[in-house]
Amino acid sequence: MIHQYKLNGYNIVVDANSGSVHVVDEVAYDAIAMVDAAFNEAIKSAEGPAAVFLSDDYADEIAENLSEKHGISADEAKELLGDIKGLREAKQLWSDDPYEDVAQDLKIKQSVLKAICLHVAHGCNMDCEYCFAGKGEYSGKSGIMSLEVGKRALDYLVENSGSRRHLEVDFFGGEPLLNWDVCKELVAYGRELEKKHDKIFNFTLTTNGVLIDDDVIDFTNREMGNVVLSMDGRRATHDRMRHTKTGGGTYDRIMDNFRALVKSRTDETEERRSREYYMRGTYTAYNKDFAADVMEMADQGFRETSIEPVVADPSAPYALHEEDIPELCSQYEKLALEMIRRRRAGEPFNFYHYTVDLTGGPCIYKRVSGCGVATEYLAVTPTGDLYPCHQFVGDDHMKVGDIYNGITHPEIVEIFSGKNNLYTRDECRNCWAKLYCAGGCAANNYHSNGDINKVYKMGCALHKKRIECALMMAAAEADDAAAE
């Protein structure tokens, strides 16, 4: 299976199963399209796909079409087709899929816990209109996590981590800084567990920024590998959706805090360079021109950016709809082109969804197994209840257990462990982008369709566009490197 598209002057061909990406000229682009059409027709016939590459009849017909369209000789056309056949033989075009038969075996590798999302505060000092967590209170289940519950959660993580050495803990909410002292004490407890059990904890904080102060900055720089900062971009965009309990905007309240924290994590010392952060925004129907919001983040000095489409009830006034997809895709293209321009001007910044490693990237079991929801990853509420992930917290029928008794509803875990991989998704098996997105978000699928294996169509379409942009940007960067 291949995917062809044109973007920013590049003719790009992606081989879905091998991950090979080819940038070709117009003649080769058309030749591959002609071979692909014949290939797909042969699959439907008794001849079989091998006939496309072995039959002189196919080669003669395609060579004649190429000669007529591009004015090349028959010999040149056949030489090109020979090169294309060589790529097929090298398993770089129309490669076979070796993963479907072993997908469930690969999924088993996700059976050991490695990460928890600690909901240290079900409450918030902001009142964001689109909040999936019900204004931070998760369907009325407000509460603050005690130190004792938090310690037990860390113990539970260690006890169920098997031979995994590197463990991850995200302080989440609501707004976790409402319970900051407990967060700090839990980090100290985690450091004790590291020594006792030969583990390494990586702590992360996700915050709206209102309560960031010198203590938060100093502590996170010492103890936390990443800080996620919630910001929606331009002042008007941000303040429209992310406001105080009394309805006031929060942009001016957080920006100095964010700048101070980011500056402290990105100075020129080796220690600081190892500390990560990124801005995490949400765009809605009110800012379908969201590329401008990402560029605002960059203009404010934030070089690590992200913005996600809102997932909402279709009746919500801020909800996005499928008819918005063309406009949103054009924004992703606009953002990609601006990022190329700024990189060439010596003003680069990163966008989370455009970070694609073509030589390494996630290992194949992660690509096939997808997110480790309910298997490698669990969310812990203030009272110690366990949910498949933070986006399922508040859905009582999705509670899988608690930190004292462990998994008490294995049948729910089975939904994610036994029936959830790239090949259980209804539209992923035959999708060119499957090894880039790993099947998408199970929670988004569930909340939009009632089934983790029914793809959230809008999210799927937008993710494929992001992948196209990312691959084009990689091609542009390779061109620039070759020209130096």
Side-chain angles (χ1 to χ4, degrees), residues 117 128-141 172 230 232 241 280-288 290 306-329 331-332 352-353 367 369-375 377-379 387-400 411-468:
C117 182
C128 304
E129 190 171 346
Y130 52 51
C131 181
F132 78 89
K135 308 298 178 69
E137 295 186 355
Y138 293 87
S139 303
K141 298 177 177 64
F172 200 74
S230 297
D232 283 354
M241 301 299 288
R280 195 281 186 201
T282 299
Y283 68 84
T284 71
Y286 298 136
N287 62 314
K288 287 183 280 189
F290 62 86
S306 170
I307 199 165
E308 306 276 355
V310 70
V311 179
D313 186 308
S315 65
Y318 53 82
L320 297 166
H321 300 96
E322 289 192 24
E323 57 264 31
D324 296 321
I325 289 175
E327 181 178 356
L328 301 178
C329 287
Q331 285 291 303
Y332 281 116
Y352 177 79
H353 288 293
R367 293 170 184 251
S369 301
C371 169
V373 54
T375 53
Y377 173 86
L378 291 169
Y387 286 83
C389 81
H390 61 288
Q391 292 202 63
F392 284 106
V393 172
D395 295 336
D396 289 341
H397 59 288
M398 280 294 186
K399 176 183 170 183
V400 299
E411 73 280 5
I412 299 176
V413 174
E414 176 64 18
I415 294 172
F416 299 93
S417 61
K419 303 174 184 177
N420 178 31
N421 64 59
L422 187 60
Y423 296 93
T424 63
R425 300 287 201 267
D426 60 348
E427 296 185 13
C428 295
R429 178 181 287 102
N430 297 316
C431 176
W432 68 269
K434 60 187 177 183
L435 293 182
Y436 290 96
C437 83
C441 174
N444 286 348
N445 290 352
Y446 179 81
H447 289 130
S448 61
N449 297 312
D451 186 335
I452 66 171
N453 285 313
K454 288 186 177 179
V455 169
Y456 171 48
K457 292 185 181 298
M458 172 171 280
C460 177
L462 296 179
H463 196 54
K464 285 190 281 192
K465 171 51 68 174
R466 293 191 293 254
I467 294 168
E468 287 186 343

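Both backbone and side-chain heavy atoms feed into the values below; hydrogens, waters and symmetry mates do not. Computed from a predicted structure; not experimentally measured.
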Original post:
Should L320 and V310 count as side-chain neighbours, where that means a heavy-atom distance under 4.5 Å?
Top reply: yes

Original post:
Pick from D395, V393, V400: which one makes a side-chain contact (heavy atoms from CB on, under 4.5 Å) with P388?
Top reply: V400

Original post:
Should we say atom OH of Y318 is surrounded by more than 12 heavy atoms from elsewhere, each under 6.0 Å from it?
Top reply: yes

Original post:
Between K464 and W432, does a side chain to side chain contact (heavy atoms under 4.5 Å, CB included) hold up when you go through it step by step?
Top reply: CA-CA 9 Å; K464 285 190 281 192; W432 68 269; 3.6 Å; yes

Original post:
Under 3.5 Å, is there a donor-acceptor pair linking the side chains of Y286 and D232?
Top reply: no

Original post:
Looking at side-chain heavy atoms only, is the closest gap between Q391 and N444 below 4.5 Å?
Top reply: yes

Subject >> F416: which of F392, Y446, Y377 passes ring pair (Phe, Tyr, Trp, His ring centres under 6.0 Å) >> reply: F392

**OP:** May I have the step-by-step check of side chain to side chain contact (heavy atoms under 4.5 Å, CB included) for C329 and L462, ending in yes or no?
**Re:** CA-CA 7 Å; C329 287; L462 296 179; 4.2 Å; yes

Subject >> Any T282 side-chain heavy atom under 4.5 Å of M241 side chain >> reply: no

Original post:
Any side-chain heavy atom of N449 sitting closer than 4.5 Å to one from V455?
Top reply: no

**OP:** Enter the distance from Y352:OH to R280:CZ here, rounded to the nearest 0.5 Å.
**Re:** 10.5 Å

Original post:
Side chains of H463 and Y332: donor-acceptor distance under 3.5 Å anywhere?
Top reply: no

Original post:
Side chains of C431 and R425: does their closest heavy-atom pair fall under 4.5 Å?
Top reply: no

Original post:
Atom CZ of F290 and atom CD of E327: how far apart are they, to the nearest 0.5 Å?
Top reply: 9.0 Å

